[in-house]
Amino acid sequence: MGNLRQPVYLEEKLEQVRESGRLNIRSKALPTWCPGCGYFSIVDGVTMAINQLQINQKDVTVVSGIGCASRFPFFLDTYGFHTLHGRTLPVATGIKVANDDLTVLAIGGDGDAFAIGGAHIPHAARRNVDITYMVFDNGIYGLTKGQTSPTSVLGFTTSTSPYQNQDRPLNPLLMMLSYDASWIGQSYAGDPRHLSEMITQAIAHRGFSYLHILSPCVTFDKTSKTYSNLKAQVRNLPDDHDSSDRMAAIGYSMDVDTPPIGLFYKESRPTLSDKLDLIVDKARGRNARASG
Amino acid sequence: MGNLRQPVYLEEKLEQVRESGRLNIRSKALPTWCPGCGYFSIVDGVTMAINQLQINQKDVTVVSGIGCASRFPFFLDTYGFHTLHGRTLPVATGIKVANDDLTVLAIGGDGDAFAIGGAHIPHAARRNVDITYMVFDNGIYGLTKGQTSPTSVLGFTTSTSPYQNQDRPLNPLLMMLSYDASWIGQSYAGDPRHLSEMITQAIAHRGFSYLHILSPCVTFDKTSKTYSNLKAQVRNLPDDHDSSDRMAAIGYSMDVDTPPIGLFYKESRPTLSDKLDLIVDKARGRNARASG
Amino acid sequence: MIDSAMTETDIQLMFCGSAGDGTIAVGDIFKRAMAEAGFKVLAFDIYPPEIRGFGKCISRVRVTSRQAYSLKHQSDILVSLNDSYAIPHVSEVRDFGGVLYDQAPISAMAEGEHISGHLQPGQLPYGVSMREVSDQTTGGSKAKNIVALGFLAGLYDMQREPFHQIIRDKFKHKDPIISESNLLAFDTAYDEGVSTFRLDFIELGTPERQDIGSKVQMMTGNAAVVRGCLDAGLETFFGYPITPATSIMEDLATDLPMRGGRLLQTEDEISAIAATIGAGYAGARAATATSGPGLALMVEMLGLGVMAEVPSVIFCSQRGGPSTGMPTKTEQSDLHLAVFGGAGDAQRIVLAPTNVEGAYKCAGKAFEMAERYQTPVIVLLDLYLSNRYETVILPRQNPFEADSSKKRSHQERGVPYHRFSFTDDNVSPRTVPGEEGGIHTVTGLEHNELGRPNDQPDMHLKMSEKRHNKLLGALDHPGITIQKRFGDEGKVDVGILGWGSTFGEILEAMLVAQDEGISCSAMKVVMLSPLPLQPVQEFFSDCREILIPELNYEGQFANLVGSAISKPFTRLNRVPGVPMRVADILDEIRRLAAQVKSAA
Amino acid sequence: MIDSAMTETDIQLMFCGSAGDGTIAVGDIFKRAMAEAGFKVLAFDIYPPEIRGFGKCISRVRVTSRQAYSLKHQSDILVSLNDSYAIPHVSEVRDFGGVLYDQAPISAMAEGEHISGHLQPGQLPYGVSMREVSDQTTGGSKAKNIVALGFLAGLYDMQREPFHQIIRDKFKHKDPIISESNLLAFDTAYDEGVSTFRLDFIELGTPERQDIGSKVQMMTGNAAVVRGCLDAGLETFFGYPITPATSIMEDLATDLPMRGGRLLQTEDEISAIAATIGAGYAGARAATATSGPGLALMVEMLGLGVMAEVPSVIFCSQRGGPSTGMPTKTEQSDLHLAVFGGAGDAQRIVLAPTNVEGAYKCAGKAFEMAERYQTPVIVLLDLYLSNRYETVILPRQNPFEADSSKKRSHQERGVPYHRFSFTDDNVSPRTVPGEEGGIHTVTGLEHNELGRPNDQPDMHLKMSEKRHNKLLGALDHPGITIQKRFGDEGKVDVGILGWGSTFGEILEAMLVAQDEGISCSAMKVVMLSPLPLQPVQEFFSDCREILIPELNYEGQFANLVGSAISKPFTRLNRVPGVPMRVADILDEIRRLAAQVKSAA
Ligand SMILES: Cc1ncc(C[n+]2csc(CCOP(=O)(O)OP(=O)(O)O)c2C)c(N)n1
Ligand SMILES: Cc1ncc(C[n+]2csc(CCOP(=O)(O)OP(=O)(O)O)c2C)c(N)n1
Ligand code: SF4
Ligand code: SF4
Ligand SMILES: [Mg+2]
Ligand SMILES: [Mg+2]
């Protein structure tokens, strides 16, 4: 069955990583992604982070929208909710509000997040819902076969921009900074070590963590956010960047041509659950006063 | 009919302003707002701006969502579309795409804009749709009688936050800056002169203008964004502020305790219609090449 | 009525004035006092449209000794707090009914502007010195409404005590002097009332004895929903304000945290239902509340709830439509959307209570059903039911199951865990995140028993069957009335089939028709999806003619019935924005009865 | 067939392989060549689910001399480009049909993996040296599909020229050597085919003469929609990608700007419909395209379109549901949503073409109707219709009106301008921004003739009547078939009522049933809202038994019909994700016919 050689290869790779011991939380489902897609290394990064943080698989819930990126939950052996296009965050918020003990990862593509899902991000961020939101940014709609996305670069040609994209892409990191997200970082699929390190930190952060992951779509983007282009552009945030300095973070976020990777900003403040607990306390206190 | 004294007063006021000559574009409909609501001076500001810019009334289309603020179109004698809660911008975009010759004003409250309408703002801004978007920010849901809004301040008590609002308000100006809006300003209902001056500038700008208008809800907010509080807080942007300096604008936008009013940022770049025209040119060029 | 030893009470009052006149407030004091006195109360206020202004307010209160089902179209007494608003309503006062008004409102009132000139022959004018007494007792005209109330209470020899108590309560957060001066205003007017001539046509009897042992409560439909939610153990609520559902969230914002629950005002309705479904997936009892425009935004997510088989409860209080429509008017026109809103074959459970007590019951049972059948459950209210007050007797024992979910032990479930296993009742045992050995992923894609995407013909067919058939179980759900027949038994000439709040008017009309000797019977259908087909079919067999009255233009319930039952029936559709007139239903019943007779 | 002088052609091919085998590509070359040669073509491809991978592709092409209505369930020839995928489809090859496969695929193929061992008695094996010839002629195995095609063309004595032309065209942007080597591969295989034994059961006749003067075109349903839009003068398009509607936007992205039109990919479906309605309000012909999940998001805004009486056109290509469902499978299950999706009584126009030509017609007419009746018009397609190819004859003269709106001069309109004036046909003359003397504000609130908010009972009733009654005008809209009856005339035993793409299968089944002597007739309903009630009623009167076959679980069209007509009928519901089997419909027709006979 010569034509099926590639998927067999993927199965084998799955076995390999399983055998390496660290990836027992990969599910038995074969990722349906194209060979070479950046998303493969993100699965690795997530499994490594979960292992490293020694979180029990049953306590992890992965929530996603719709898109290639959003197929993610099927490939992990954790609880998962593959929801609707753009609705990752409110569903994840509901899960976290219902059960604080869960580690909730929210995952979506750039379209899922910044086109159809755009209304939800400011609110998840400002409320400081204690979840980790990872957006896989390939600057294109992968699953629907290559249309322009809100992060497509100027001049990019796609099936819906046959005369080149004329709209400035959004700047997700700057937006997150303006929304008061309490943990903001960037990484890229070409650097698995950095990726798993950032994912680990993001999950470990108590509050809303936003991790922007640059990841090539090898099938529908041959010119723009390719591995080689990204590799040439990406650079590390300077060592001396102070992650509590919001203005500095804003400055770095505006450098879109040579995107810095690393931790942009981090702040410690009450999570949504903390606040809801406080409200319960107040209610009970007030109640006690009223009846006492 | 003693009980009806107040509406009669409003009618009279309407007559007064009509007689003053500058307000012939007020419609004959009686604003249904509470006496003292900040929105009255915004109507004045808009009519003055339209007069000043000598735009023909038939060429103005006012689009709004749902809320007290969104009742606006009924009180002007121009074309108007009172749409759905949160959908002001996409409807306004459709109108502008259909007819470039129209002056399109988009109007909404803070809830209409930043809660239910939040998905649309980044895109109207980055596309640089040539409309003027005015958000009347009273930090509350007026029409539905006083619930918390995304710009309600911390600690504010409302019918849905009986134990005080615990969530940080959003920072609309900073968000607009992060979205690449090409004209960003702030004014407040307590200063009609400033208001009409800013509205005039906003309409005159070619591209997406965002004007944030602080305006008290006298009925449902007795403590927070009242006239007296706003008056004490608001200050002018320094004269030497360079409106092409985005970083400086970002800095000022972060001063939420003493909100600066004036023009934060302004940039000249192609509007959506310019870009769509370019696409038509490219398409026809390509077409000519193909058949020629 | 006059014959019976213990006078039977049935009297309806109507207060009418502008928003600033304290119209709604005085209606509120009156109905509370009546409930306190032991009467049954049914009351409904009409406000001006949402935006603040000077619009007309009407508060109608019906006071009865036995349960009433609807407001009467004609009131016994009209209290005018603003004549220009009240004049158009004089025609709604019955013959020999009374009209109270301010005897000397303001000097400048023009000819024809005073209500006294508009009374119809037979209606009794009661000029009360409202402004005057108010001025004298409180030093201002704000207490005019209290003066009117006092006069009324005196006129009908009502006990002063309940009124005093409620007035005191009302002003308890203010300067005591306000409370005292208002009581004085009340008492002064009371004395005036006592000494005023009263026609015996209107009489307040003795309330029934309260020997049920539990305090009777007066509450609105929305308040009953809140109580139902709390009694059913609601844990999380996500909502976005919208008339007429807002008060559900507002009340819960105070009450839910007292019980340790969590409420979040979301950024829109899509997030509200999404978070509700998220919380439901995580195992919490979760709900949201909205109205038509919000429900319209929710339908994509409801489809996910159907496909992923996640419990959720959605309260939808209908208002006039389409679109933003008439936010402060009532209508029953979101039924199509509730039943059919969603891509694909996305059946869910839809319940519609017919009265305040039913709202409590449906609210609580909705959680049981959502959990048991793993599906969204929509509870359809409407402005009329959400806002109307009724005296209700709530069970003293919590009638709701704390956990209705189908669970299996780790062993019974087997390995790997088949989240969507095919079972006899089509419900698969469910696990929630955090549970050992129950790991799975749910999706809005068609899937196999494991929950993996699968779009093969057989699988889609079997899963479609599963999703639809499991809901049939709800038709036998314990402790809730799915449908019920009232009136004559067996074969009848006219059957009236109804749903939602309009069923009160239907019952009233049926009772009158029965009194007139018409053989008739009424059936309420509480579960609208899936339809209780067999009982409805039997009802069709038993009735020569069937009438379906509803407050919408398209006959939305009639459409549901028609698509399932291939027999003719008569539709009665009204869209006034206010409750249907009992007389309109009665006319149709009479017409159909005559038709049956003439055909026989 | 064999008797007729000029052989009548009806042959169906099926190419099956993996995504990498060029399966869809070779099907495409074949159908284009056949269309070029003058045959009628009907073709439908099945792709793997959305995400890129290695799934199975099937390309079915039916070639006929007279118009065919559907694909046949059994193909005449199966071309296997990947045996493991093709083996399950061997049963779909008819008796004495042929199966082409690679004679010597790879050395390592295990026993039982080769298709030749799976053929059924009577099926003809054609082992072709696909890989070998491909290697020899092109230096690689990529041209295996071309080799198969060449062999086939040779086997059936097809003209080489159309094939050559299309192959050349296909590779025109590549190195000429690729084109040449592929042509060589084709020719080599062609010669092999010519010299191979051919059974006469399958025969390619002579195509009909093309004397209509206009070039016959082959296009998909979505391409026809695009053509319809362009011919109707579409000015603005707003859309968000979603399978299977995406290609409408993709094609328009190229074509619309060529005509000076504007296309915007919006941030979501809510903005797409909102902008469409905005553009419609501003007077432009505007449209959007989506599928069920997107339509679910649009329904709130559609309600605004209904209430504010603004024209808009929405194409919805249905896929398997509910929820994300089966994105690459076909289904007819968004009908409920299209007709009933929206709060309140929000009727709109819903059209569903039954074939590619109809898609063109409905697309164009939708703009006329939206403008004329000032309403959203939803055109329901489905994946099967969107993606299938048919040879169609498009009118040479643009059949669509450039402006259908009801306009009045400034004077006739009067002052002040009553945007929602009551008129005989319930349509009010409309102005658009920029027009002198036509200033008005529209709203989703209930309103009076001026457009001012008004929620009084009379006004709401009159406006509800206006909104509903004006749509009845669409039932007589010129130049479009609202419904049509086929087959036997007058009273018949069995009537089949159908809609959408499934009507092709219905027609095929009816034709066979007629051949079998069954008295039957089929009616297609193109306008699903408002329903053409009278013709449907007449059809019910004419048919002893009525059958409603549709590709959904709940019988959504049957529900519509049932709610309007109180007569019994039979439902036939299938949800395989692929077109309905003609045989299934035929079985039901036979059963019902027998029932009628035995009752007689
Ligand atoms: C409501 C809705 N609209 C549209 C779609 C179609 N759709 C599926 S995924 C997708 C975009 C995917 O792009 P992105 O989010 O960037 O993810 P990627 O595939 O690139 O990982 C779209 C438009 C859908 N499933 N649901
Ligand atoms: C879809 C939908 N959800 C909710 C509502 C109810 N609603 C009307 S206005 C409003 C909020 C108004 O607040 P804001 O936008 O701040 O305007 P304001 O009244 O304060 O001027 C809400 C929630 C609605 N009309 N439609
Ligand atoms: S289409 Fe692009 S994003 Fe999707 S799996 Fe393939 S490479 Fe990855
Ligand atoms: S409720 Fe508040 S915002 Fe609305 S009109 Fe009154 S004062 Fe203004
Ligand atoms: Mg993407
Ligand atoms: Mg507000």
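Here is the naming used below: chain letters follow the sequence lines, and residue numbers restart at 1 for every chain.
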Checklist entry - Which distance, rounded to the nearest 0.5 Å, do you find between the CG of A:Leu174 and the CG of B:Leu174? => result 7.0 Å
Checklist outcome for this item: B:Tyr163 and A:Lys282 have their tightest heavy-atom pair at O-NZ, 3.2 Å
Checklist outcome for this item: So, the part of B:Leu173 with a heavy atom under 4.5 Å from chain A: the answer is neither
Checklist entry - Can you check whether B:His123 reaches A:Leu170 side chain to side chain, under 4.5 Å on heavy atoms? => result yes
Next on the checklist: Please classify the contact between A:Pro270 and chain B as side chain, backbone, both or neither, with a heavy-atom cut-off of under 4.5 Å.
Outcome noted: neither
Checklist outcome for this item: Distance col, row B:Leu278:CG vs A:Gln166:CD, nearest 0.5 angstrom, shows 5.0 Å
Next on the checklist: Does anything in residues 91-118 of chain B reach chain A? List residues with heavy atoms under 4.5 Å apart, or say none.
Outcome noted: B:Phe114, B:Ala115, B:Gly118
Checklist entry - Residues two or more places apart in sequence or in another chain: which of them pass side chain to side chain donor-acceptor pair (under 3.5 Å) with A:Asp167? => result B:Lys275
Next on the checklist: Counting only non-hydrogen atoms closer than 4.5 Å, can you tell me which residues of residues 243-257 of chain A sit against chain B?
Outcome noted: A:Arg246, A:Met247, A:Ile250, A:Gly251, A:Met254
Next on the checklist: I need the full list of salt bridge (Lys or Arg N to Asp or Glu O under 4.0 Å) pairs touching residues 113-125 of chain B, with sequence neighbours left out, sorted by first then second residue.
Outcome noted: none
Item to check | Backbone of B:Arg126 reached by a side-chain donor or acceptor of A:Arg168 within 3.5 Å | outcome: no
